[in-house]
Amino acid sequence: MSRGAFFESVSHYFDRAARLSSIKPGMLDQVKSCNSVYRMRFPVKQDDGSILVVEAFRAEHSHHRLPTKGGIRFSKHVHINETIALAALMTYKCAIVGVPFGGAKGGVCIDPRTASEGFRERVTRRYTAELIRKNFIGPDIDVPAPDYGTGEREMGWIADTYKNLKMNEGNPYACVTGKPVSMQGIPGRKQATGLGVFQGIRCCLDRAEDMKPLGLSTGTQGKRVIVQGLGNVGYHAAFYLQTQGGALITGIAERDGGIFNPDGLDVDEVYRHQQATGSILNFPGAENVADSRALLERECDILVPAALENQITAENAPRIRAKIIAEAANGPVDFQAEAILLERGVLMIPDLYLNAGGVTVSYFEWLKNKAGVSFDRMVSRHEELVKREMIDELESLTGKTMDAERRKRLIKGPREEELVVAALEETMIRSYDQVHDFWKQRGLPDLRTAAFLHAIERVAESYTHHGIFP
Ligand code: GLU
């Protein structure tokens, strides 16, 4: 797969949707263009004392809303065009779920699997210092988050570096999201992308009129699912599909091979097995599939690619037998594969909607950091008092007394995580309804075109209202 293929796919999807809009060409150019890219090379000491020159990027795709927002990827395959394409997807993603940010993305060209903890920390802190130097990070400028190869630990180092170099700034921890909860992160952020994927799939499967042509009943209950990638996103998507959605996770594909069991795999047990043995292979009761890409071609109802871009191309698309492809990763289906799959009637839930749960909860974390107060602190006690009064009133009207345990449970005010999960669910449902209505009402060919067009119109509208084009 050429390195430009992903960039080309995003560009193709944009152009296809743009052709259906009535927005003027100059404005479309502005919506499509990446506003700024910072390319850096900096030296970092390796564990043996030698110096490695690390190449890294930060792309801010759209400044129509500030701050810009998007994850930082650690990967050997990081490339400037890939970073720009991912930043563009962030712009459209934020527009779809109504998160008031522009899109951005960072990439650091190191191998996260072989890098020691010390080396990762030195790279992360130096990268942060570079971003500060060029004004490419800040609570109101550009706010990174985790992505492939990074997590809470890296976000913690970024927050700490920023705080120490920007002592005088109010709310410095709002410079990055996906931080550990102990560093003003928000409970629920870690599982947010995967949970949002599950909620989005559920929204899609609830529509009888869309399931009928696929020969599927509504709902996730009993649906056969194959997941590619058991990282943070894949694990949580599979976990919620199984535990809350009643789906059967029949296959899991990882880098070193896949496992398959037509009766369903227990996601948590597979995860524990992977932690204990270093691989998902040889999981009790499951068939080992040596070629993990071949696993994607097995028959199933829903295929959830949750790893990297360009996993389904013109090469393997004709052999994919899933009825629905739920894009948990960014850009897993390239545009040539998409044409083949659409032709065969496969329903694709596009990445720019489906994996937007992560940035949605990042937005909540950022709001919390800016406000300097947690969400439950402001509402929990108030809710308790209101509920207590209602139950007292109910008891006096009915003359009955509620069981003490039940009363305690009902009266308890919400915890921050419950508020986050409920707000995420509301966002995923509302956004799906909007994109779906857009698809049907405008007579658009597919969900992805609808999502892109919807996002393009929102961003263009925002540019107009901000007076950038006087
Ligand atoms: N890296 C994630 C994404 O691709 C999260 C971005 C964020 O939370 O800012 O959506």
Side-chain angles (χ1 to χ4, degrees), residues 6 10 57-62 65-75 78 82-108 112 131 136-152 154-155 158-159 173-180 185-186 188-197 199-200 229 231-234 236-237 305-309 327-332 349-370 420 423-424 427-428 431 451 455:
F6 174 48
V10 175
F57 307 96
R58 182 74 183 171
E60 292 176 354
H61 173 262
S62 180
R65 291 269 166 91
L66 289 172
T68 50
K69 187 88 189 75
I72 296 173
R73 175 172 289 206
F74 281 5
S75 157
V78 159
E82 177 207 58
T83 311
I84 291 173
L86 287 163
L89 273 184
M90 286 307 304
T91 295
Y92 311 135
K93 211 184 278 192
C94 289
I96 283 174
V97 286
V99 165
F101 296 147
K105 203 77 167 196
V108 181
L131 295 178
F136 265 73
I137 185 171
D140 298 307
I141 301 169
D142 186 354
V143 179
D147 198 80
Y148 182 85
T150 59
E152 285 187 347
E154 285 74 17
M155 302 309 116
I158 293 173
Y173 282 150
C175 76
V176 63
T177 61
K179 303 178 291 290
I186 199 162
R189 174 62 186 85
K190 199 168 179 181
Q191 60 268 43
T193 312
L195 178 56
V197 166
Q199 292 166 339
N232 186 42
V233 179
H236 284 108
L308 282 171
E309 57 268 15
E327 297 184 347
N330 289 313
I349 317 177
D351 49 4
L352 64 166
Y353 159 71
L354 195 65
N355 69 29
V359 76
T360 301
V361 175
S362 276
Y363 172 45
F364 303 150
E365 181 176 335
W366 179 81
L367 285 173
K368 166 183 166 165
N369 297 154
K370 293 281 281 184
V420 164
L424 170 62
T427 303
M428 294 308 291
S431 309

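Quantities reported herein were computed from a predicted structural model and do not represent experimental measurements. Counting starts at 1 for both ligands and their atoms, following the listed order. Below, each value reflects all heavy atoms present in this structure, side chains not excepted, and no hydrogens, waters or symmetry copies.
- Looking at Tyr353, its side chain does come within 3.5 Å of a backbone N or O of Met428 through a donor-acceptor pair.
- Applying the 4.0 Å criterion to heavy atoms of Gly358 picks out, from ligand 1, the atoms 8 (O).
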*Check step by step if side chain to side chain contact (heavy atoms under 4.5 Å, CB included) holds for His61 and Tyr92.*
CA-CA 10 Å; His61 173 262; Tyr92 311 135; 3.6 Å; yes
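- Close approach to Gly71 involves these atoms of ligand 1, each under 4.0 Å from a residue heavy atom: 1 (N), 6 (C).
- Given atom 3 (C) of ligand 1, the protein heavy atom at minimum distance is Lys93 NZ, 3.3 Å.
- Between the side chain of Lys69 and the backbone N or O of Pro144 there is at least one donor-acceptor pair closer than 3.5 Å.
- Residue-ligand proximity, Ser362 to ligand 1, at heavy-atom distances under 4.0 Å covers atoms 7 (C), 8 (O), 9 (O).
- Counting only heavy atoms from C-beta outward, the side chains of Asn330 and Lys105 approach each other to under 4.5 Å.
- Nearest residue to atom 2 (C) of ligand 1 from Pro146, Pro67, Gly103 is Pro146 (criterion: closest heavy atom).
- With a 4.0 Å heavy-atom cut-off, ligand 1 is reached by the side chain of Arg189 but not by its N, CA, C or O.
- The proximity of Asn330 to ligand 1, defined as any non-hydrogen pair under 4.0 Å, is limited to the side chain.
- The protein heavy-atom contact nearest to atom 4 (O) of ligand 1 is Lys105 NZ, 2.9 Å.
- The atoms of ligand 1 that sit less than 4.0 Å from any heavy atom of Ala145 are 6 (C), 7 (C), 8 (O), 9 (O).
- In terms of protein heavy atoms, atom 9 (O) of ligand 1 is closest to Lys69 NZ, 2.8 Å.
- Numbered from 1 in the order shown, with element, the atoms of ligand 1 that lie under 4.0 Å from a heavy atom of Asp147 read 1 (N), 2 (C), 4 (O).
- Thr193 and Asn355 are not linked by any side-chain donor-acceptor pair at a separation below 3.5 angstrom, with hydrogens and angles left out of the test.
- A pairwise comparison of heavy atoms in Pro67 and Pro139 identifies CG-O, 3.5 Å as the closest pair.
- Here the side chain of Lys368 pairs a donor or acceptor atom with the backbone of Gly185 at under 3.5 angstrom.
- Counting only distance, with no hydrogens or angles, the side chain of Arg189 and the backbone of Gly358 share a donor-acceptor pair below 3.5 Å.
- Of all atoms in ligand 1, listed by their number and element, those nearer than 4.0 Å to a heavy atom of Met90 are 3 (C), 4 (O), 6 (C), 10 (O).
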